[in-house]
Amino acid sequence: MKLYNTLSRNTEEFTSIIPQKAGIYVCGPTVYGAPHLGHVRGPIVFDVLRRYLIQQGYQVRFVRNITDVGHLVGDADEGEDKLQKQARLEQLEPMEVAQTYTDMYNSVMDRLNVIRPSIEPKASGHIIEQIEMIQTILNQGMAYEVDGSVYFDVEAYRNASNNYGELSGRVVEDLVAGAGNQSRDLEGQTEKRNPTDFALWKKSSPEHIMQWSSPWGKGYPGWHIECSAMSAKYLGEFFDIHGGGMDLLFPHHECEIAQSKAAHKHTPAKYWVHHNMITINGQKMAKSLNNGIKVEELFTGNHELLTRGFGAATLRFFVLQAHYRGTLDFSEEALLASDKGLARLVAAEQLIEGLKVSEVSTVDFSDIIDSIEYALNDDLNTPIVIAQLFEAARRVNLVNDGKETIDSNSKDLVSSLFRDYFRGVLGIPSNQDSSDNGTLDSVLKLLIELRSEAKLSKNYALSDQIRNKLKESGIELMDSKEGTSWKKA
RNA sequence: GGUCGGAUGGCCGAGAGGCUAGGCACGGGUCUGCAAAACCCUCUACACCGGUUCGAAUCCGGUUCCGACCUCCA
């Protein structure tokens with residue numbers, strides 16, 4: 001398959017380092033808040049990549065970290081640990097905060113049908129590995145210690161004929177020039193030899209709750225080192241795919257490359273894959289911008305921009321209707337369109353089994369499967385995959401309406417098409433919230449039966465009353481030749 | 001200010017020199033006691049101004065607007 005590699009700025013044929021095995025590292029969440037919509041795109045995109053590679057016969061080790069050690073908050077909260085800040089607000093232990101939001105994150109991922117990582121390492125559990133890596137970089141002469149903190153020496157790194165900026169396309173001189181302009185005044189700037197240097201280890205003040213002993217005193221690891229240390233530990237010093245959001249391209253991933261090259265003598269990953277952001281009114285959705293919609297709010301509909309809740313399947317489908325490298329603009333209207341479209345696919349999928357088999361088939365599905373394979377191979381073009389699924393659904397409906405015929409081969413083919421791609425690679429889960437539908441279903445069966453009797457005796461006043469009252473309660477009845485079914489409106 | 005990316009029909013979104021995705025909404029139909037649902041059909045858009053070409057939404061130049069990143073929003 002072809003994948004866009006940020007490192008080369010080109011779409012490249014994917015070939016794994018070890019045949020039939022693929023190692024993927026994806027930057028995971030910082031667990032200091034409830035997951036919002038912006039957190040959801042990456043996991044879904046890389047889940048599809050993972051599923052597709054598995055379908056292609058790869059054995060995939062998928063690592064996604066949990067960042068549960070502190071990182072400084074910017075601006076007004078300068079110098080304060082993000083997790084620590086949240087902990088004080090909630091009167092909790094920092095690790096309690098981290099646990100709470102880790103659980104919340106994973107439960108959202110489960111609902112979105114994102115396969116759990118093969119390994120989900122926590123930064124706090126890998127302090128030793130991070131310290132070791134920092135030590136190696138120091139030994140290489142590409143870092144220096146100042147008053148209990150350790151900084152990466154970008155100049156020394158470049159002098160060893162490395163290109164700092166190879167991933168992001170940044171030019172160090174421009175960075176320095178630009179820094180004086182718009183950049184924030186950050187703590188530690190005075191300790192650095194050069195403004196482009198970044199922290200590998202930060203000395204903590206006594207108030208910091210999250211701190212660890214190190215050769216340089218009490219402190220905590222820098223922003224970028226955890227991913228370098230943990231990816232190397234679990235995937236090796238050179239692995240196949242490193243994924244993350246475009247917002248992490250610089251500085252995070254650039255720094256990861258620098259750290260790994262300094263410590264391990266070569267670049268950490270063969271392919272760098274970046275997904276774009278979810279926007280709202282054209283602006284990136286981010287906690288810091290305070291324009292995020294929490295995933296839970298989307299599920300319940302409890303948000304000012306929403307008039308109703310949406311299922312996890314709809315959210316996943318919505319995300320995959322756009323190509324991962326483009327921005328995706330969120331609105332309820334767009335989500336509603338996905339919701340209805342998805343319902344059509346599901347309805348067609350359910351028709352397949354009962355399709356009447358004929359001797360000859362006037363419909364074929366092999367062209368659709370070819371198109372889907374081609375699209376997936378072409379840098380994971382999920383919108384095309386979905387468009388092709390709609391075409392398949394259209395043909396299924398035509399057969400169902402008796403306007404086309406299908407033989408058993410084609411029927412098997414379309415059945416496997418939905419199973420392998422719709423449910424398999426795209427990983428669309430069932431949207432049903434399986435809460436109390438059992439009881440509800442039996443009650444409604446009774447009402448539907450009574451209404452049918454009323455209809456038979458032409459008591460339309462009663463039958464309409466049942467239908468209308470149910471609608472007021474949020475239950476919609478749908479008549480068809482086969483009988484009446486219901487759904488939550 | 002610097003770097004990079006983007007502007008596609010009412011909305012969301014593919015595509016990327018001729019064959020002009022897809023979904024939703026709208027409209028027309030089938031079905032139905034009525035309605036809804038469902039299904040079928042339909043809807044010809046590529047910011048602006050020049051240029052290249054037999055032919056441009058797609059290439060080139062310029063303009064306007066928008067976004068991301070610019071060293072601690074993983």
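What you see is a predicted model, and the numbers here were worked out from it, not measured in a lab. Residue numbers start from 1 in every chain, and the chains themselves are labelled A, B, ... in the order their sequence lines are given, proteins ahead of strands.
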Task: Sugar-phosphate or base contact per nucleotide [nucleotides 34-45 of chain B; S, B, -; heavy atom under 4.0 Å] - done: BBBB-SSS----

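Across B:A45 and B:A35, the matching C1' atoms stand 35 Å from one another, rounded to whole Å. Comparing the same atom, P, in B:U44 and in B:G5 gives a spacing of 34 Å after rounding to whole Å. Rounded to the nearest Å, the gap between the P atom of B:A57 and that of B:C46 is 8 Å. Rounded to the nearest Å, the gap between the P atom of B:C12 and that of B:A47 is 14 Å. When the P atom is used for both B:A68 and B:G29, the distance is 47 Å, rounded to whole Å.
When the side-chain nitrogen and oxygen atoms of A:Asn381 are compared with OP1 and OP2 of B:G15, one or more of them lie within a distance under 4.0 Å.
Taking the six-membered ring where the residue is Trp, A:His126 and A:Tyr234 present perpendicular rings, their angle passing 60° and hence far from 30°. Classification of the A:His253-A:His274 ring pair by plane angle, with boundaries at 30° and 60°, yields tilted. The aromatic rings of A:Trp201 and A:Trp216 sit tilted relative to each other, their planes meeting at an angle between 30° and 60°.
By the 6.0 Å contact criterion, CD on A:Glu453 is enclosed, its count of non-hydrogen atoms from other residues, nucleotides or ligands being greater than 12.
In this structure, B:C59 and B:G51 make a Watson-Crick or G-U wobble pair, each of the two defining distances being under 3.5 angstrom. With a 3.5 Å ceiling on both atom-pair distances, the Watson-Crick or G-U wobble partner of B:G67 is B:C4. Across all strands shown, B:C43 remains unpaired; no Watson-Crick or G-U wobble contact has both distances below 3.5 Å.
Note on A:Leu248: only backbone sugar-phosphate atoms sit closer than 4.0 angstrom, heavy atoms only; bases stay farther off. Among the heavy atoms of the strands, none lies under 4.0 Å from A:Ser338. At a threshold of 4.0 angstrom between heavy atoms, the contacts of A:Ala334 are confined to the sugar-phosphate backbone, with no base atom among them. Among the protein residues, A:Pro383 comes within range of the nucleic acid bases, having at least one heavy atom under 4.0 Å from a base atom.
A residue-by-residue look at A:Asn276 and A:Ile384 shows that A:Asn276 has its nearest nucleotide of RNA chain B further toward the 5' end.
Two rings, from A:Phe198 and A:His224, have their centers less than 6.0 Å apart.
What separates CD of A:Gln388 from C1' of B:G15 is a distance of 13 Å, to the nearest Å. For the pair A:Glu333 CD and B:G13 P, the computed distance is 11 Å after rounding to whole Å. A:Phe250 has its CZ atom 14 Å from the P atom of B:C4, to the nearest Å.
Checked against side-chain hydrogen bond (donor to acceptor under 3.5 Å, both in side chains), A:Gln350 has no partners two or more places apart in sequence or in another chain.
An aromatic stacking contact links A:Tyr460 with the base of B:G33, defined here by ring centres under 5.5 Å apart and ring planes under 30° from parallel.
In this structure, a donor-acceptor pair under 3.5 Å is present between the side chains of A:Thr307 and A:Glu332.
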